[in-house]
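Chain letters run A, B, ... following the sequence lines, proteins first, then strands; residues in each count from 1.
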2 protein chains.
Amino acid sequence: MARTTRQRAAVAAVFDQLEGFHSAQEVHARLRSAGDGVGLSTVYRAVQALADDGELDSIRTDSGEALYRRCSTQHHHHLVCRSCGRTVEVAGPAVEQWADRVAGEHGFADVSHTMEIVGTCAGCRARD
Amino acid sequence: MARTTRQRAAVAAVFDQLEGFHSAQEVHARLRSAGDGVGLSTVYRAVQALADDGELDSIRTDSGEALYRRCSTQHHHHLVCRSCGRTVEVAGPAVEQWADRVAGEHGFADVSHTMEIVGTCAGCRARD
DNA sequence: GCGCACGTGAGAATCGTTGTCAACTGAAGG
DNA sequence: CCTTCAGTTGACAACGATTCTCACGTGCGC
């Protein structure tokens, strides 16, 4: 299992070239316009396989779309505008420590966490 | 606008009775089995209207489903065991403040946030 | 090379959600 | 009370992201 095929290599390559989060649809379109014909189903499978192997990190946008990124980059959280969807990546060492400590106090180990901050950005407030 | 109808009251009532996060589909099913006939579209609209008014908070599950909860009750987070599902509610003033501060620094207002901490609880670790 | 289990891809199916539109109904004003 | 009408409803269609299906293709160990 985990055979190395042209298609999987192509999907993995996209995430090597691109920073940040990208949807399966976007990867598919990108490969298609680059001349590499890779089926949509295959892109989804490849992306999920990579995520299972811990090579990609995934989040969900407000509209329910799944986004993936190469997950080597250090941990951070997302600050999302509820109106325009603009997203800012924020790092929070304090939060990481707090989560670990609180979990430890309750006897939990191998702790990970997710956090999302939602608000209205300056631009959208001005616009109303 | 914002007329008070039987349907909207029914949807709001569900969140008064129930703790935690619930999906629109779940609310719809619950109302239906309770004898209150409310259309699915209406549930979606009511839930979104309530979220817009700041009465409900929303997050997305891993599978892309939208969940809502009454956001008046005092804020807390969940510490979940990835093995047995045991859940502990934890309060974290430090995190609230951090989230507000970081959001403010980026020009965001009306900030809310969700956080979930996942780990393996003492019992499950001992069991393996 | 051979075989075959795993991988592929086009299209159908699914699922949550949103749009459509004719019928309905609060509530403001006679 | 009764009218009026804009906001609301709900059955159903449409939608977009994702997953499933299945006949065909292809790494890779022999």
Side-chain angles (χ1 to χ4, degrees), chain A residues 1-15 18 20-53 55-69 78 80 82-85 87 116 118, chain B residues 1-15 18 20-53 55-69 114:
Chain A
M1 44 191 73
R3 201 176 287 174
T4 61
T5 64
R6 176 182 68 80
Q7 291 88 342
R8 288 188 193 179
V11 170
V14 168
F15 286 97
L18 270 50
F21 285 97
H22 305 282
S23 68
Q25 305 267 355
E26 185 185 337
V27 171
H28 177 242
R30 204 171 278 270
L31 289 172
R32 176 141 302 190
S33 71
D36 282 337
V38 178
L40 182 56
S41 315
T42 303
V43 171
Y44 274 104
R45 279 185 296 239
V47 152
Q48 284 167 355
L50 288 168
D52 281 350
D53 289 355
E55 296 212 39
L56 295 182
D57 227 15
S58 71
I59 56 167
R60 291 258 169 195
T61 75
D62 241 27
S63 65
E65 203 178 1
L67 301 183
Y68 301 85
R69 71 157 173 215
H78 289 266
V80 186
R82 68 162 61 82
S83 174
C84 68
T87 300
E116 190 177 87
V118 192
Chain B
M1 48 188 71
R3 199 177 288 173
T4 61
T5 63
R6 178 181 66 78
Q7 291 87 343
R8 288 190 193 177
V11 170
V14 169
F15 286 98
L18 270 50
F21 286 98
H22 305 281
S23 69
Q25 305 268 354
E26 184 186 339
V27 171
H28 177 241
R30 205 172 278 269
L31 288 173
R32 176 140 302 190
S33 71
D36 283 337
V38 178
L40 182 54
S41 315
T42 302
V43 172
Y44 274 103
R45 279 185 297 239
V47 152
Q48 283 167 356
L50 288 168
D52 282 349
D53 290 355
E55 295 213 37
L56 295 182
D57 229 15
S58 70
I59 56 168
R60 291 255 170 198
T61 73
D62 244 24
S63 65
E65 204 177 0
L67 300 183
Y68 301 85
R69 74 163 167 209
T114 59

- request: Taking only the side-chain nitrogens and oxygens of B:Thr42, find out if one of them lies under 4.0 Å from OP1 or OP2 of D:dG10.
  value: yes

task: Establish, with yes or no, whether the OP1 or OP2 oxygen of C:dT8 is under 4.0 angstrom from a side-chain nitrogen or oxygen of A:Arg8.
output: yes

statement: Between A:Leu40 and B:Gln25, the residue closer to the 5' end of DNA chain C by nearest nucleotide is A:Leu40

message: In this structure, how many angstroms lie between the P atom of C:dT18 and the CG atom of B:Asp52, rounded?
response: 11 Å

message: Distance check needed: D:dA11 P versus B:Gln7 CD, whole Å only.
response: 11 Å

- prompt: Under 4.0 Å between a side-chain N or O of A:Thr4 and OP1 or OP2 of D:dC28?
  reply: yes

message: Please classify the nucleic acid contact of B:Glu26 as base, sugar-phosphate, or nothing, using heavy-atom distances under 4.0 Å.
response: nothing

message: If the test is side-chain contact (heavy atoms from CB on, under 4.5 Å), which one of B:Gln7, B:His28, B:Arg8 qualifies with B:Val43?
response: B:His28

d(CG, A:Leu50; P, C:dG7) in whole Å: 13 Å

field: Polar contact flag, side-chain donor to acceptor under 3.5 angstrom, B:Tyr44-B:Gln25
entry: yes

Criterion side-chain contact (heavy atoms from CB on, under 4.5 Å) against A:Tyr68, the qualifying member of A:Val27, A:Val14, A:Leu56: A:Leu56

message: Rounding to an integer number of Å, can you tell me how far B:Gln48 CD sits from D:dT9 P?
response: 13 Å

message: Using 0.5 Å steps for rounding, measure from the CG atom of A:Asp52 to the CZ atom of A:Arg45.
response: 14.0 Å

- request: Compare all side-chain heavy atoms of B:Phe21 with those of B:Glu65 and state whether any distance is below 4.5 angstrom.
  value: no

message: What is the separation between atom OH on B:Tyr68 and atom P on C:dG16, rounded to the nearest whole Å?
response: 14 Å

field: Side chain A:Ser41 and base C:dG11 donor-acceptor under 3.5 Å
entry: yes

- prompt: Is B:Arg45 side chain donor-acceptor paired with the C:dG19 base, going by distance under 3.5 Å alone?
  reply: no

- request: Let me see the working for B:Phe15 and B:His22 under side-chain contact (heavy atoms from CB on, under 4.5 Å), right down to the final yes or no.
  value: CA-CA 8 Å; B:Phe15 286 98; B:His22 305 281; 4.2 Å; yes

- prompt: According to a strict under-4.0 Å criterion, is B:Tyr44 in side-chain N/O contact with OP1 or OP2 of C:dT18?
  reply: no

statement: Interatomic distance, CG@A:Leu31 vs CD@A:Glu26, rounded to 0.5 Å, equals 10.5 Å

- request: Starting at atom CZ of A:Arg6, determine the distance to atom P of D:dG27, rounded to an integer number of angstrom.
  value: 9 Å

- prompt: For DNA chain C, which residues in residues 27-35 of chain B have a heavy atom at a distance below 4.0 Å?
  reply: none

statement: Nearest-nucleotide check on DNA chain C, B:Ala24 vs A:Ala46; residue mapping nearer the 5' end is A:Ala46

query: Atom CZ of A:Arg60 to atom P of C:dG16: distance rounded to whole Å?
result: 12 Å

